[in-house]
S.K.: 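Got a structure for you, questions after.
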Protein chains: 2
Amino acid sequence: MSRHIVQMETIGQIIRNKRESLGLLLRQVAASLDIDPAILSKIERNERRPNKELILKLSETLDIDKEELLAQYISDKIAYDIADENCADRVLKLAEKKVQYLKTHSVSN
Amino acid sequence: MSRHIVQMETIGQIIRNKRESLGLLLRQVAASLDIDPAILSKIERNERRPNKELILKLSETLDIDKEELLAQYISDKIAYDIADENCADRVLKLAEKKVQYLKTHSVSN
DNA sequence: TTATATTTGACAAATAGTGTCAAGACATAT
DNA sequence: ATATGTCTTGACACTATTTGTCAAATATAA
């Protein structure tokens, strides 16, 4: 079984690449997001994790597909949670089942 | 495609079932875990989430398979993270890739 | 140099997690 | 009824983590 991992683009890289391709400065994007440029700088270098609200704003400001960026964001968090576990596969299988369960048994309160 | 979801046992239920099947009181188990019985009560009713250290202690005290309980614990956290997302499947696929990536590119600092 | 952009670190503020405790609820026995 | 034992509930404090602010340091370009 051959494994092809070319490169794993981090969420910070995705954001920085898009910002630079649009020719925008940190302070310009930061102003649009209503945050300090220092925070955005750290996010782009993966020194700080963006929260969900920021992800949504970023997808709008930088015209990145919202679902794409959200998926990156959440999977990042998950990978971080289970990175040091030796039962990651099992955990993900279980999580899948639980998500299915929560979907079909969605509580509406 | 038929789907069979009998019942999804929560981590709290697992713990309470095991404790009761052993005929132990909250205060007995709590003493062994070195926590207040109130905390254990809340954990068993899924009102409070146990941390990893407690999971390990619980698996010993109640003789529950450590890997099993850990997997339940982490998958709970993950399911909670992505429960309200409509791209849960995509996220889990991505997370799987990232975990693989982190495993094969483990940083040692 | 000067000007602009980014990075870095120290710190404060806000939020979330955790532990402690006592009163309330509930069942059972006397 | 009271007494006893177990469990539950909520208020509160303490700690840790996350998030935000700011200014100094660094880098880059003209």
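Letters A, B, ... mirror the listed sequences (proteins, then strands); counts begin at 1.
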S.K.: Listed by chain and number, what are the side-chain contact (heavy atoms from CB on, under 4.5 Å) partners of A:L25, not counting sequence neighbours?
M.R.: A:R27, A:Q28
S.K.: Using the closest heavy atom to pick a nucleotide of DNA chain D for each, name whichever of B:L25 or B:R45 lands nearer the 5' end.
M.R.: B:L25
S.K.: Between B:R19, B:E9, B:E44, which is the residue that forms a side-chain contact (heavy atoms from CB on, under 4.5 Å) with B:I14?
M.R.: B:E9
S.K.: Taking atom types as they are modelled, is there a donor-acceptor pair under 3.5 Å from the base of D:dG10 to the side chain of B:K42?
M.R.: yes
S.K.: Rounded to whole Å, how long is the line connecting atom CD of B:Q28 with atom C1' of D:dC7?
M.R.: 13 Å
S.K.: Can you find a side chain N or O atom of B:R27 that sits less than 4.0 Å from OP1 or OP2 on D:dG5?
M.R.: no
S.K.: Considering residues, nucleotides and ligands other than A:K66, do more than 12 of their heavy atoms fall under 6.0 Å from its NZ?
M.R.: no
S.K.: If I take atom CG in residue A:N51 and atom C1' in nucleotide D:dG20, what distance separates them, rounded to the nearest angstrom?
M.R.: 11 Å
S.K.: Between C:dT7 and A:R48, is there an OP1 or OP2 to side-chain N/O distance shorter than 4.0 Å?
M.R.: no
S.K.: Do A:V91 and B:L92 share a hydrophobic cluster, counting only Ile, Leu, Val, Met, Phe, Trp and Tyr and linking them when any side-chain heavy atoms are less than 4.5 Å apart?
M.R.: yes
S.K.: Would B:E68 and A:R90 count as a salt bridge (Lys or Arg N to Asp or Glu O under 4.0 Å) if you check the C-alpha gap in whole Å, the side-chain angles of each, and the deciding distance to 0.1 Å?
M.R.: CA-CA 9 Å; B:E68 163 69 15; A:R90 185 184 187 180; 2.8 Å; yes
S.K.: Could you state the atom-to-atom distance from CD of B:E47 to P of C:dT18 in whole Å?
M.R.: 14 Å
S.K.: Whether A:S41 contacts C:dT7 is assessed here as follows: a side-chain N or O lying under 4.0 Å from the phosphate OP1 or OP2. Is that the case?
M.R.: yes
S.K.: In whole angstrom, give the distance that lies between atom CG of A:L54 and atom P of D:dT18.
M.R.: 15 Å
S.K.: Heavy atoms only, 4.0 Å cut-off, all strands: where does B:I39 land among base, sugar-phosphate and nothing?
M.R.: base
S.K.: It should be established whether A:R19 places a side-chain nitrogen or oxygen under 4.0 Å from OP1 or OP2 of nucleotide C:dT6.
M.R.: yes
S.K.: Starting at atom CG of B:L40, determine the distance to atom P of D:dT6, rounded to an integer number of angstrom.
M.R.: 14 Å
S.K.: Starting at the 5' end of DNA chain C and moving along, which residue's nearest nucleotide shows up first, B:P50 or B:D36?
M.R.: B:P50
S.K.: What is the distance from CG of B:L33 to P of C:dG19, rounded to the nearest Å?
M.R.: 11 Å
